[in-house]
Amino acid sequence: MTAKERVKTALEHRNPDHIPIDFGATSVTGIHCKIVEALRNHYGLEKHPVHIIEPFQMLGEIEPDLQEIIGTDCTPLFGPKNMFDIDESSVHKQTTPWGQEVLIASGIDLTPDKEGDVYIYAKGDRSYPPSAVMPSLCYFINAIERQPPIEEDQLNPEDNLEEYGPLSDDELEYYKHAVQKAAETGKAVIASFGGTGLGDVAFIPGMGVKEPKGIRSVAEWYMSTVMRKNFIQEMFEKQTDIAIENYKRLWETVGNQVDVVFTCGTDFGTQNSQFCSPETFRELWLPHYKRLNDWIHSNTSWKIFKHTCGAVVPLLPCLIEAGFDIINPVQINAKGMEPAFLKKEFGKDLTFWGGGIDTQRILPAAKPEEIRAHVWKQCEILGKDGGFVFNAVHNIQANVPIENAIALIDTLREIRNA
Amino acid sequence: MTDLENLYLAILNGNLEMAENITAEAVKEQIAPQLIIQEYMAKAMHETGKRFEAGEAFVPELLMSARAMKGALDILKPLMVGEGTKGMGKVVIGTVKGDLHDIGKNLVAFMLEGCGFDVINLGVNISSDKFVEAVKEHKAQIVCLSALLTTTMNYMKTIIQALEESGLRKQVKIMIGGAPVTEAFAAQIGADGYSENANAAVALAQRLIAG
């Protein structure tokens with residue numbers, strides 16, 4: 001069974017030869033560059049600066065040599081620009097505040113100021129205030145909220161749509177070449193085309209916009225889901241119109257060389273609760289999600305990947321109704337997210353892409369032997385009869401002890417060979 | 001005569017304008033600020049918190065109630081200067097160094113404030129030195145530490161150590177919170193308590209002050 005077949009079989013809820021694995025195919029299933037370097041050193045792979053494939057979270061590229069050791073079955077198809085609307089095609093060598101040499105997009109300068117903070121600028125343009133910051137002692141980048149004063153009668157949903165628009169011919173040309181390269185790996189191709197995250201608070205502050213207008217503060221956005229529902233409805237409606245037009249052209253360009261599309265990373269869960277009721281979800285999100293997902297299912301062979309952290313059990317039936325095929329990261333330590341329950345209740349309708357290891361309490365804190373037992377247990381529960389792609393609960397963070405990451409990789413090898 | 005029940009409802013429903021208008025009216029009628037806070041605002045925040053814990057309200061509703069409460073409180077605060085307020089206690093709160101998450105921390109701050117605590121909100125990305133300085137300056141009785149990241153939660157221990165080294169540890173109670181934080185972690189780093197949400201944080205602060 002090829003890697004691609006393995007993933008596709010799991011997505012069809014049938015048993016593959018062994019559980020497929022993803023590390024590095026999306027911005028929510030990756031590994032922090034610090035751990036990528038430590039793994040490369042541990043396995044004696046060629047020493048060179050790790051390439052940052054997603055600078056917001058400082059995710060490192062998992063190159064084919066490391067992919068083989070981990071046993072990954074998926075490969076990414078990212079867009080030509082990053083979260084800061086900076087071109088990813090040109091990179092330069094930089095040193096991170098923690099002293100690691102990396103290759104990062106040329107528009108990003110990692111030199112800290114005298115406080116030890118690193119500032120990032122939308123489109124790399126330093127003539128505007130910074131749009132993001134990596135404070136000292138932090139291992140990734142955070143948005144800087146630039147909320148202009150809100151005048152209720154002047155609010156226009158178009159202001160929050162400045163960064164969304166039709167794909168250019170150049171961008172389509174980029175995807176045409178990039179997808180060929182990805183498909184040649186023989187792995188399942190996971191595309192992140194962007195533009196389809198409805199109300200994702202990672203995007204609301206507009207880190208790629210020089211002078212953001214509209215609702216750009218995360219707290220203001222959350223309150224808007226209660227007090228400015230018309231604004232949100234109109235914004236989602238227009239954003240989905242743009243997305244469907246773009247997806248039509250993307251399908252013509254990349255076709256079934258892509259297997260999975262990661263469309264939306266809006267988090268609906270907190271550690272113990274949700275960000276909205278099922279009723280609000282049905283009112284604000286569901287119609288728009290459903291429209292895009294129905295278009296994808298009616299016109300393409302793509303499976304649809306939805307990311308939402310947290311305790312989302314009350315919303316899972318709504319996400320199924322909206323037409324999502326895959327749920328990630330399956331935060332198994334959040335309230336009610338008990339793996340056996342999830343598999344029994346939702347396993348027929350959803351593929352669990354994640355939940356393979358708890359990244360809050362096990363991966364950074366447990367002993368290697370505990371990690372082994374935990375990973376085996378998760379795989380036995382979630383991997384039964386397909387419908388599971390192994391990944392940690394979200395990205396592997398910078399503080400994970402390397403022996404724990406190795407224990408995880410060793411256990412995955414055991415499971416593959418069992 | 002202002003019907004202060006409407007202030008309770010305005011805060012509960014997150015209606016800032018209404019909360020401000022009723023409070024301004026009440027001030028004109030010379031109703032004591034402490035009465036307005038204790039009998040109406042604190043009760044509204046408590047009810048909001050209860051609804052949140054019961055899964056009947058969510059972060060957006062909590063933010064709206066907090067905003068309405070804050071608007072009303074801003075009208076009352078200037079009237080309370082030098083009044084010798086019988087506050088619940090002084091709290092210094094902040095998100096630890098390296099961490100910029102502030103929504104949960106702010107909700108805890110608002111809820112404590114709405115329930116009568118005197119809150120000094122230091123903001124995000126706060127070093128141990130700044131916590132020590134603030135405790136000294138404000139003679140705080142409670143320190144609340146927030147972290148959303150597994151990579152920053154250990155800094156809470158650094159702050160507790162700094163408070164110990166500066167001789168301030170015994171005069172303050174330390175409460176911690178944030179997604180990856182647990183009761184066991186609180187015990188492990190020598191904090192006095194943990195709470196999993198803003199409502200529970202108020203109850204914890206009240207217990208800690210009562211000793």
Side-chain angles (χ1 to χ4, degrees), chain A residues 32 34 97 115-117 132-145 152 201 217-228 268-278 280-281 309-311 314 331 333-336 358-365 394 396-400, chain B residues 13-17 49 51-68 70 95-107 110 123-128 147-155 158 177-182 184-185 188 195-200:
Chain A
H32 192 273
K34 195 165 169 268
E115 303 291 324
D117 304 328
V133 60
M134 177 156 51
S136 76
L137 297 189
C138 191
Y139 292 90
F140 56 80
I141 295 167
N142 303 259
I144 294 174
E145 288 184 0
E152 294 295 336
V201 295
S217 136
V218 172
E220 200 64 50
W221 173 261
Y222 279 130
M223 289 193 283
S224 301
T225 64
V226 176
M227 59 193 217
R228 301 186 186 104
F268 286 99
T270 68
Q271 195 80 20
N272 299 302
S273 182
Q274 300 82 48
F275 279 106
C276 70
S277 66
T280 302
F281 180 92
C309 288
Q331 193 182 332
N333 67 18
K335 192 175 173 187
D358 173 349
T359 36
Q360 279 179 319
R361 284 152 206 173
I362 303 288
L363 190 56
H394 221 305
I396 295 186
Q397 301 293 322
N399 63 331
V400 168
Chain B
N13 296 323
N15 190 329
L16 170 66
E17 203 183 337
R51 290 185 183 184
F52 177 77
E53 283 188 335
E56 293 159 8
F58 302 89
V59 166
E61 286 88 352
L62 227 53
L63 285 168
M64 287 174 65
S65 287
R67 195 180 63 142
K70 188 92 179 133
T95 303
V96 305
K97 185 86 186 145
D99 202 324
L100 300 189
H101 293 88
D102 68 352
I103 289 184
K105 181 265 296 169
N106 284 344
L107 284 173
F110 293 146
V124 296
N125 195 23
I126 305 298
S127 66
S128 54
L148 196 87
L149 309 168
T150 56
T151 46
T152 53
M153 60 194 266
N154 288 319
Y155 192 80
T158 308
V181 174
T182 59
F185 181 71
Q188 188 195 320
S195 60
E196 72 166 37
N197 61 52
N199 206 36

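A note on names: the letters A, B, ... follow the listed sequences, proteins ahead of strands, and every chain is numbered from 1.
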Which of the residues A:Thr280, A:Thr359, A:Val218, A:Leu137 is involved in the greatest number of heavy-atom pairs with chain B at under 4.5 angstrom? A:Leu137
Leading residue by heavy atom contact count with chain B [cutoff under 4.5 Å; candidates A:Ser136, A:Ser277, A:Pro364]: A:Ser277
Just wondering, do B:Arg51 and B:Glu61 contact through their side chains at under 4.5 Å, heavy atoms? no
With a 4.5 angstrom heavy-atom cut-off, could you sort out which part of A:Gln271 is near chain B: side chain, backbone, both or neither? side chain
Who are the ring-ring contact (aromatic ring centres under 6.0 Å, His included) partners of B:His101, not counting sequence neighbours? none
Bottom line for B:Ile103: the part with an atom under 4.5 Å from chain A's heavy atoms is side chain
How far apart are the C-alpha atoms of B:Phe52 and B:Phe58, what are their side-chain angles, what is the distance that settles it, and do they pass the ring pair (Phe, Tyr, Trp, His ring centres under 6.0 Å) test? CA-CA 6 Å; B:Phe52 177 77; B:Phe58 302 89; 7.6 Å; no
At a heavy-atom separation under 4.5 Å, does B:Val96 approach chain A through its side chain, its backbone, both, or neither? neither
Residue A:Ser224 versus chain B: region with a heavy atom under 4.5 Å: neither
Given heavy-atom pairs under 4.5 angstrom as the criterion, report whether the side chain, backbone, both or neither of B:Leu149 touches chain A. side chain
Taking the side chain as every heavy atom from C-beta outward, state whether B:Tyr155 and B:Ser128 have any pair of such atoms under 4.5 Å apart. yes
Do A:Cys138 and B:Asp99 come within less than 4.5 Å of each other through their side chains, counting heavy atoms only? no
Report which part of A:Ser273 has an atom under 4.5 Å of a heavy atom belonging to chain B: side chain, backbone, both, or neither. side chain
What part of A:Thr225 is in contact with chain B, defined as an atom under 4.5 angstrom from a non-hydrogen atom: side chain, backbone, both or neither? side chain
Greater than 12 external heavy atoms within 6.0 Å of B:Glu17's CD: no
Among residues at least two apart in sequence or on other chains, which ones pass ring-ring contact (aromatic ring centres under 6.0 Å, His included) with A:Phe275? A:Tyr222
